[in-house]
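In what follows, a single structure is set out as structure tokens and then discussed.
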Amino acid sequence: MISIRMNANSKSEPQTMLQKGKQQGPQEAATHLGLGFMYHDERDRELAIKAFAVTDTFQFQHLTEDAAREASEAYVDALWEKDRIEAACTVDGDLDTSALNDADWSPVREAFERRASIAGIDPEYAELSTVAWRRHKVGGDYWTPMKQAQVHELRAALQDSDYPHKPRGGQSGHGPEAARYALGVELHDTRRFDEMTDVMVPYFERIARRHQRHNDEKWDISNTVSR
């Protein structure tokens, strides 16, 4: 288990980890996802992009490394636009949630649309992700649209449009991996980094198993922007 302290003096260890770059597995993908969110909280845009890029390079193996980084940059752009809107709706340190709910969230949606276009994710991902992050801040059921957005992202990562493959009852569910993602966000909100990483490792193990079965098969990249 990797422990990361959430403060400004914690950057030396994560930076060393980021330099490893390639040859990542599920544990590293989960850890770098957490690091991406941590760097977002610490307002370090470049390190956030680098961390998310490790994760996206691992999960989107139908993309080039440069395209995976572009997808990560679009994700970070969405988070930064979200923060900009929040700042505009904050008065004397207090967030006006009513104003935030009524604000123009189109820049966030457009950044998610870029990510979807680059990675070959269903375009619905952008609207669902925007709704999820808005509700995450103003209140309401953010976890349902977030899980549905992750179903779309998982389908792109797995190159499997039929995920989550539930052969028995409970067909309306989003699948265990999408549920893990929502739980990971909850753990991030409570600053429980190690628990968040532990929850997300099986998410990336599921992707890794799919990749291994495709080693000798052609990827379907028909909906992916060519690079």
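The main-chain N or O of A156 is found under 3.5 Å from a side-chain atom of Q159 such that the two form a donor-acceptor pair. Judged purely by atom type and a 3.5 angstrom limit, T55 uses its side chain to pair as donor or acceptor with the backbone of L33. The main-chain N or O of A67 is found under 3.5 Å from a side-chain atom of T64 such that the two form a donor-acceptor pair. Looking at S129, its side chain never comes within 3.5 Å of a backbone N or O of A126 through a donor-acceptor pair.
Between the side chains of E153 and Q59, a donor-acceptor pair is found at a separation under 3.5 Å. In this structure, a donor-acceptor pair under 3.5 Å is present between the side chains of S106 and D104.
The same ILVMFWY cluster, assembled from side-chain heavy atoms under 4.5 Å apart, contains both F37 and W80. Both M200 and V151 are part of a single hydrophobic cluster, where members link through side-chain heavy atoms under 4.5 Å apart. Hydrophobic clustering, with ILVMFWY side chains joined whenever heavy atoms are under 4.5 angstrom apart, keeps V131 apart from Y125. In the hydrophobic cluster analysis, where Ile, Leu, Val, Met, Phe, Trp and Tyr join through side-chain heavy atoms closer than 4.5 angstrom, V201 is grouped apart from Y203. Placement of I121 and L128 in two distinct hydrophobic clusters is found when ILVMFWY residues are connected by side-chain heavy-atom separations under 4.5 Å, directly or transitively.
Inter-residue side-chain proximity for L187 and D194 is flagged as unmet; no heavy-atom pair is nearer than 4.5 Å. The side-chain heavy atoms of Y75 and H40, taken from C-beta on, include no pair separated by under 4.5 Å. Looking at heavy atoms from C-beta onward, E177 lies out of side-chain contact with K147 at the 4.5 angstrom threshold. Using a 4.5 Å heavy-atom threshold, the side chains of L35 and F193 count as touching. Side-chain contact between F204 and H32 is absent, with no heavy atoms from C-beta onward closer than 4.5 Å. For the pair I207/L158, a side-chain contact is recorded, criterion being any heavy-atom separation below 4.5 Å from C-beta on. Between V108 and W133, every side-chain heavy-atom pair lies at or beyond the 4.5 Å cut-off.
Closest heavy-atom contact between L63 and I118: CD2-O, 3.4 Å. Contact detail for P145 and D141: the closest heavy-atom pair is CD-O, 3.4 Å. Residues A29 and F58 come closest through the heavy atom pair CB-CD2, 3.6 Å. Nearest approach of S72 to D56, heavy atoms of both residues: OG-OD2, 2.7 Å. Heavy-atom minimum distance, V185 versus H136: CG1-NE2, 3.9 Å. Closest approach of A208 and P26 over heavy atoms only: CB-CG, 4.1 Å.
Once rounded to the nearest 0.5 Å, the distance linking CD of Q148 with NE2 of H174 reads 4.5 Å. Taking CD1 of I49 as the start and CG of L79 as the end, the distance is 10.5 Å to the nearest 0.5 Å. Between Y142 atom OH and K137 atom NZ the span is 11.5 Å, to the nearest 0.5 Å. Atom OG1 of T197 and atom CD of E28 lie 11.0 Å apart (nearest 0.5 Å). Note that CD of E73 is 12.5 Å distant from NZ of K50, once rounded to the nearest 0.5 Å. In this structure, E86 CD and L100 CG are separated by 6.0 Å, a value rounded to the nearest 0.5 Å.
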### Task
Would you check, one step at a time, whether the test side-chain hydrogen bond (donor to acceptor under 3.5 Å, both in side chains) holds for E124 with H152?
CA-CA 8 Å; E124 188 181 24; H152 290 311; 2.8 Å; yes
### Task
Could you go through the salt bridge (Lys or Arg N to Asp or Glu O under 4.0 Å) check for K82 and D77 one step at a time?
CA-CA 8 Å; K82 174 185 73 69; D77 285 347; over 6 Å; no
### Task
Carefully, step by step, assess Y39 and F52 under the rule ring-ring contact (aromatic ring centres under 6.0 Å, His included).
CA-CA 10 Å; Y39 287 133; F52 285 130; 9.3 Å; no
### Task
In sequence, state the C-alpha distance, the side-chain angles, and the governing distance for R191 and M196, and then conclude on side chain to side chain contact (heavy atoms under 4.5 Å, CB included).
CA-CA 9 Å; R191 298 299 187 263; M196 177 187 64; over 6 Å; no
### Task
Dump the intermediate steps for side chain to side chain contact (heavy atoms under 4.5 Å, CB included) on Q24 and T57, then the final yes or no.
CA-CA 9 Å; Q24 301 293 350; T57 298; over 6 Å; no
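Look at E81 and R84 and you find a salt bridge, because one of the NZ, NE, NH1 or NH2 atoms lies within 4.0 Å of a carboxylate O, short of that distance. Salt bridge status for R69 with E46: present, with a side-chain N to carboxylate O gap under 4.0 Å. Between E110 and R115 no salt bridge is recorded (no basic side-chain N to carboxylate O distance below 4.0 Å). Salt bridge status for R155 with D162: absent, with no side-chain N to carboxylate O gap under 4.0 Å. Taking the charged nitrogens against the carboxylate oxygens, R109 and E113 do have a contact shorter than 4.0 Å, which makes a salt bridge.
Taking the ring centre of W143 as origin, the terminal cationic atom of R135 falls outside the region bounded by 6.0 Å and 45° from the ring axis.
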